[in-house]
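By convention in this document, chain letters (A, B, ...) are assigned in the order of the sequence lines, proteins followed by strands, and residues within each chain are numbered from 1.
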Amino acid sequence: MIDIQSVTKRYGGKAVVDAVSFSVPEGSIAVLVGTSGSGKTTLLRMINQLVSQDEGAILIGGEDTRGIPGHELRRRIGYAIQGHGLFPHRTVAENIATVPRLLKWERSRIDAKVAELLTLFQLDPALYADRYPHQLSGGQQQRVGVARALAAEPKILLMDEPFGALDPVLRGTAQDELLAIQKRFGTTIVIVTHDINEAFHLGDTIAVMDKGKLLQYGHPIDLLKTPATPFVEGLVGTFDRPFRLLSLGTIASVVEPGDAPGEPIGIDKTQQEALAALMWAGAQVLPVTAEDGAKLGRVRLETLLGQAIRPQ
Amino acid sequence: MKFWPLIPRLILLSLLIAFLVSPESFEFLFKPLVQANAPAIYNQGSLASLTLLHVRMVFFATCAATIVAVALAILVTRPFGAEFLPLARTVVNIGQTFPPVAVLALAVPAMGFGNGPTLVALFLYALLPVFENTMTALTTVPRAISDAAKGNGMTALQTFWQVELPLSLPMIVGGIKISTVIGFGTATIGSTVAAKTLGEVIIAGLNSNNLAFILQGALLVAALAILVFDLLSMLERSLMKWKAA
Ligand SMILES: Nc1ncnc2c1ncn2[C@@H]1O[C@H](COP(=O)(O)OP(=O)(O)OP(=O)(O)O)[C@@H](O)[C@H]1O
Ligand SMILES: [Mg+2]
């Protein structure tokens with residue numbers, strides 16, 4: 001649990017983070033979105049005390065962060081810095097091993113962890129472990145930056161636009177890897193992004209910032225249902241919000257008994273994906289199957305359209 | 001590094017050693033430069049021992065200056081030392097604006113003739129390049145990199161040893177390289193106040209109007225400077241292998 005209590009940071013008399021309060025429940029993902037210069041990075045860096053707030057307090061698991069020596073706090077919190085910040089004089093493997101080495105892990109454990117993370121992020125250890133950062137593409141550097149943040153299996157992870165340099169396909173895989181890791185370790189994650197789709201895909205909660213102020217903090221569906229300001233409404237998108245709404249739920253909740261002809265849809269798909277499949281097939285109804293292919297029922301176009309109506 | 005660029009240096013090194021071991025073998029080269037009855041090879045002492053003394057003097061002065069300049073640059077780039085930055089800059093710059101001859105002239109009354117004044121002059125002249133380079137290197141470590149070090153839980157000391165210093169080393173060696181080359185030249189002037197360096201050979205040549213002596217002294221100093229410059233350049237490159245790899 002990260003508890004941000006009325007935190008303010010001023011630079012030259014101007015509040016770049018202005019009395020912001022919200023809390024991130026343990027094991028959940030909070031996404032920070034907002035315009036450039038709205039204070040997202042500054043807020044993120046106050047959580048690990050790279051920047052110290054002028055007012056307010058930040059509690060982690062009930063403990064005030066200012067009571068913990070900075071370097072110890074930061075070894076417990078993974079941090080993927082905006083623009084990767086890899087050490088140019090250290091190899092990929094050495095970069096990833098940074099925090100485990102500071103924590104004096106055993107050599108064999110470090111090596112295993114490095115190999116595991118490289119593989120997870122689709123970088124062949126045999127090929128990449130001994131390269132220097134400048135020998136990687138921007139997207140590869142970014143993945144190494146994220147791997148470094150994850151290396152010591154931190155309970156809390158701060159990520160500043162971690163996937164900005166990845167192509168859409170890799171970004172999708174990286175997001176799914178992150179979700180898998182988050183599920184496995186129960187990590188609490190605060191992530192900054194400019195990609196509103198990413199925010200809706202990853203976020204259990206979303207915080208919208210503008211000019212240092214927190215405009216709204218809530219579940220993705222709340223942002224769609226009751227946007228606090230026109231700025232939030234514009235950010236979540238007016239013309240595609242029905243589709244965004246559908247993207248938040250899986251078809252498990254709309255599946256009904258019965259059979260139907262056509263290409264089946266997996267039960268783990270979102271309602272948005274099911275709608276797309278129905279529209280593309282020109283069908284009113286399609287069958288739904290479990291992961292193992294077993295028939296579970298069917299989903300109707302009409303039902304999905306009903307789900308896309310503005311919630312009350 | 002490829003092998004072939006090394007060849008000219010190896011030739012130069014072999015020539016230098018051969019000349020120091022047996023200067024007489026090169027007599028035929030210098031004979032045409034002197035009058036019939038004058039000596040063609042320096043005969044007022046051993047060229048080899050003067051060369052060693054020359055190198056030793058530059059080495060000690062540069063080492064001492066490097067230690068002081070690097071320590072000073074580290075201090076003034078720490079948060080607690082920032083206020084001394086202008087002062088340190090001024091002091092080091094003053095060392096550089098004094099002409100070498102003036103430094104010698106001032107040091108002789110205090111220290112007497114001999115190696116002392118020259119060591120002081122060499123030390124002062126070596127300070128600035130090392131100090132400037134070290135300071136520039138330490139202050140231009142990209143913000144994102146030192147941030148990442150801190151953000152990953154390094155203490156200030158760990159950030160310095162593990163990140164800032166390794167990234168700055170090539171540029172520090174660059175400063176030492178400049179200081180050393182300046183030192184080889186400046187040390188010759190020291191012989192005007194009785195320092196034991198290759199300047200003796202040049203001065204002897206000037207006094208007896210012997211072009212061969214002047215040339216021998218000058219060529220030896222030049223060859224040393226070139227070889228040491230190359231050696232330090234190699235060190236510089238090996239410290240940057242992460243960039244070139
Ligand atoms: N160390 C600093 N000194 C002075 N001003 C700063 C400092 N760090 C940030 N700022 C200012 O604070 C404001 C917020 O910066 P911040 O980096 O938090 O924005 P951001 O929301 O992360 O933007 P982006 O999306 O472009 O990364 C900006 O106006 C920035 O110029
Ligand atoms: Mg930012």
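How far CE of M154(B) is from CZ of F87(A): 4.0 Å, rounded to the nearest 0.5 Å. Expressed to the nearest 0.5 Å, how far NE2 of H134(A) lies from CH2 of W242(B) amounts to 8.5 Å.
Side-chain contact between R74(A) and N152(B) is absent, with no heavy-atom pair separated by less than 4.5 Å.
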Open item on the list: Quick one, K241(B) with Y132(A), criterion side-chain contact (heavy atoms from CB on, under 4.5 Å). Give me CA distance, side-chain angles, the key distance, then yes/no.
Closed with: CA-CA 10 Å; K241(B) 64 178 190 310; Y132(A) 287 98; 4.2 Å; yes

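Chain B forms the most heavy-atom pairs under 4.5 Å with one residue out of G85(A), G83(A), P88(A), and that residue is P88(A).
Identified by a heavy-atom distance below 4.5 Å to chain A, the contributing residues of residues 139-149 of chain B are R143(B), A144(B), I145(B), D147(B), A148(B), A149(B), in residue-number order. Proximity to chain B among residues 33-46 of chain A is limited to R45(A), judged by heavy-atom separations below 4.5 angstrom. Listed by sequence position, the residues of residues 107-124 of chain A in contact with chain B number zero, using a 4.5 angstrom heavy-atom cutoff.
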Show the atom names and distances, to 0.1 Å, of all donor-acceptor pairs under 3.5 Å that link a side chain in residues 66-86 of chain B to residues at least two apart or in another chain.
{"unit_1": "T66(B)", "atom_1": "OG1", "unit_2": "T62(B)", "atom_2": "O", "d": "2.7"}
{"unit_1": "T77(B)", "atom_1": "OG1", "unit_2": "A73(B)", "atom_2": "O", "d": "2.8"}
{"unit_1": "T77(B)", "atom_1": "OG1", "unit_2": "I74(B)", "atom_2": "O", "d": "3.0"}
{"unit_1": "R78(B)", "atom_1": "NE", "unit_2": "I74(B)", "atom_2": "O", "d": "3.2"}
{"unit_1": "R78(B)", "atom_1": "NH1", "unit_2": "E164(B)", "atom_2": "OE1", "d": "3.2"}

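Contact annotation for L158(A): neither backbone nor side-chain heavy atoms come within less than 4.5 Å of a heavy atom of chain B. R131(A) does not touch chain B: none of its heavy atoms, backbone or side chain, sits under 4.5 Å away.
A 6.0 Å sphere centred on CD of E26(A) holds no more than 12 heavy atoms belonging to other residues, nucleotides or ligands. Annotation: F185(A), atom CZ; neighbour count of heavy atoms from other residues, nucleotides and ligands within 6.0 Å is above 12.
Residue H89(A) comes nearest to Q162(B) through the heavy atom pair NE2-O, 2.8 Å, listed as atom of the first residue, atom of the second, then distance.
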